[in-house]
Amino acid sequence: MTVQLRPEAKPVRVALLGCGTVGTEVVRLLHEQADDLAARVGAPVELAGVAVRRPHKHHDVPAELLTTDAAGLIASDVDVVVEVIGGIEPARTLLLDALRAGRSVVTANKALLAEHGAELFEAADAAGADLYFEAAVAGAIPLLRPLRESLAGDRITRVMGIVNGTTNFILSAMDGTGASYAETLEEATQLGYAEADPTADVDGFDAAAKAAILASLAFHTRVTAADVYREGIAAVSAADVAAARELGRTVKLLAICEREADDEGEAVSVRVHPAMIPRSHPLAGVNGAFNAVFVEADAAGQLMFYGQGAGGAPTASAVLGDLVAVARNRVMGGRGPRESAYADLPVRPMGRTPTRYHISLDVADRSGVLSQVAAVFAEHDVSIAVVRQEGRGADASLVVVTHSAPDAALRSTVDKIAGLPVVREVVSVMRVEGEEL
Ligand SMILES: NC(=O)C1=CN([C@@H]2O[C@H](COP(=O)(O)OP(=O)(O)OC[C@H]3O[C@@H](n4cnc5c(N)ncnc54)[C@H](O)[C@@H]3O)[C@@H](O)[C@H]2O)C=CC1
Ligand SMILES: N[C@@H](CC=O)C(=O)O
Ligand code: NA
């Protein structure tokens, strides 16, 4: 291969912070694709150093590149800092230092961006430096660049999808093989999908951070992790999965970001929770650690993005894509897009967000049960889409699927129903997404 380098091009020197699941693959790809990367960037892309905690554990990295002094590496003669340590500190301080020193930054750290994005973008702007983070949401899937750049001329109204590989891996197993929750989480950890602390996945924090990033880009509004309504999958039971199957549905952990007007004006709502979706829905076929995200925009209509959302190599692919972009910017001059938060829309609380519920009840088998339950729905102004009464005696059950209503009204309805003497147990309550029943 003849590599065309710009005659004056100096190597682009890269500092890598962290060398775990993702970092190891970044090192491998940088080495294996060195010639192609140089040709694409117009200058060699050179690994200047790798900051790690325990150098003796990293046999795949040339010893002379390893250091435990991440701050010192950033302060040395480097152009780009790639952060794949994860967590808030020391990543936050290191990246702020890097940006303030004019280094371009590439990060996969959604937790950091969702909590301290504003501060990082401000530092990037002040220094005229690049801040890229495609790997932070939906791993290998090109999703943030399309939102930030390709769709910048459109008005996005909705982003909805599966953005956490670990929980999708677990839910797919529960629905498919019926494998146990603990076993499947262990497997997801072994495969490099789970966060260092997997409760971030299971309790929905990881998906909530990603939802905040997606909503911020889609709606030109600063949304932080704290603005996102969050429920994880810990409470999803085998009974919920079975109830979904009975209805021709499956359970997925969804991130849903919407821009809508109501009586109080235009607002965004951002939520992460398990939901039943029809098996015919395209998201129902997204299994294992795969992710898929729908984007709806006024002019573009509906778009779907699909691919590997977790794992070392897929995530490293997104990191390398960003690295090429920032390296090109350095070689050719110029920089990528800045933060765009001009719309500054309020975030609507979950209680006011319209949702739909599937409720499965274990009820007494006697006349008047249905009318007592229906009266509670009417009292809360919640309209019923489907009701199904099954079984007799001790096995009597009632399944209700509602039409759309404010989430707070649906919750109060469930609370009141749970207290009715004719209701023996609320077996399963889950939100429903997809087509109207
Ligand atoms: N694993 C995945 O599938 C994906 C991970 N990410 C994100 O990428 C980042 C890295 O994830 P993984 O590689 O999976 O994590 P990991 O836990 O495998 O690797 C992180 C590495 O950073 C090292 N480290 C911790 N503190 C350090 C410090 N002060 N200086 C230098 N090294 C330090 C750790 O020893 C570890 O080797 C996280 O922000 C994660 O959320 C994003 C998308 C997918
Ligand atoms: N833990 C995350 C990794 C990718 O972001 C996930 O499971 O999706
Ligand atoms: Na991505």
Side-chain angles (χ1 to χ4, degrees), residues 15-27 49-55 57-58 61 66-74 81-95 106-114 132-148 161-171 185 188-210 213-214 217 232-233 253 255 272 288-293 305-322:
L16 178 65
L17 312 184
C19 196
T21 303
V22 180
T24 304
E25 291 297 308
V26 169
V27 173
V50 182
V52 297
R53 273 200 302 206
R54 288 178 287 272
K57 297 218 158 182
H58 297 272
V61 181
L66 291 169
T67 174
T68 53
D69 180 10
L73 178 60
I74 291 169
V81 173
V82 174
E83 184 267 316
V84 281
I85 292 175
I88 304 300
E89 289 294 355
R92 172 181 159 273
T93 302
L94 292 170
L95 293 193
V106 173
T107 178
N109 192 333
K110 50 264 159 133
L112 178 63
L113 288 161
Y132 276 57
F133 45 96
E134 182 59 71
V137 182
I141 307 172
L143 176 60
L144 303 190
R145 207 91 64 83
L147 290 177
R148 256 177 132 186
I162 297 166
V163 295
N164 183 268
T166 302
T167 47
N168 201 52
F169 189 80
I170 294 171
L171 291 174
L185 176 57
T189 305
Q190 292 304 325
L191 291 167
Y193 304 149
E195 294 301 301
D197 173 2
T199 56
D201 298 293
V202 171
D203 291 340
F205 290 101
D206 179 78
K210 291 165 174 168
I213 295 169
L214 289 171
L217 296 179
I233 64 160
L253 183 71
V272 165
F290 278 78
N291 285 185
V293 177
F305 298 82
Y306 171 79
Q308 298 195 67
T315 308
S317 163
V319 170
L320 264 282
D322 279 356

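Values in this document were obtained by computation on a predicted structure and should not be read as measured data. Both ligands and their constituent atoms are indexed starting at 1 by order of listing.
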Item checked: Heavy-atom proximity to atom 39 (O) of ligand 1, best of Gly86, Ala289, Pro90, Ala71 -> Gly86
Checklist line | Gly309 neighbourhood, listing ligand 2 atoms whose heavy-atom distance to it stays under 4.0 Å | finding: 4 (C), 5 (O)
Check: Relative to atom 3 (O) of ligand 1, which among Gly165, Ala140, Gly311, Ala188 owns the nearest non-hydrogen atom?
Finding: Gly311
Margin query: Regarding atom 41 (O) of ligand 1: of the candidates Glu195, Glu134, Glu25, which has the closest heavy atom?
Written below: Glu195
Notebook entry, point to check: Near Gly165, which atoms of ligand 2 are under 4.0 Å from a heavy atom of that residue?
Noted result: 6 (C), 7 (O), 8 (O)
Next item on the list: Could you tell me how the ring of Tyr306 sits relative to the ring of Phe290: parallel (under 30°), tilted (30 to 60°) or perpendicular (over 60°)?
Entry: parallel
Check: Closer than 3.0 Å to the Na ion (ligand 3), which protein N, O or S atoms?
Finding: Glu134 O, Glu134 OE2, Val137 O, Gly139 O, Ile141 O
Margin query: Using a 4.0 Å heavy-atom cut-off, which part of Asp206 comes near ligand 2: side chain, backbone, both, or neither?
Written below: side chain
Next item on the list: Establish, from distance only, whether the side-chain atoms of Asp197 and Thr199 form a donor-acceptor pair under 3.5 Å.
Entry: yes
Next item on the list: Answer side chain, backbone, both or neither: which part of Ala135 comes under 4.0 Å from ligand 1, heavy atoms only.
Entry: backbone
Next item on the list: Just let me know how Asn164 lines up against ligand 2, side chain, backbone, both or neither, with a heavy-atom cut-off below 4.0 Å.
Entry: both
Next item on the list: Determine whether the side chain, the backbone, both or neither of Val52 has a heavy atom under 4.0 Å from any heavy atom of ligand 1.
Entry: backbone
Margin query: At under 4.0 Å between heavy atoms, is it the side chain or the backbone of Ala70 that contacts ligand 1, or both, or neither?
Written below: neither
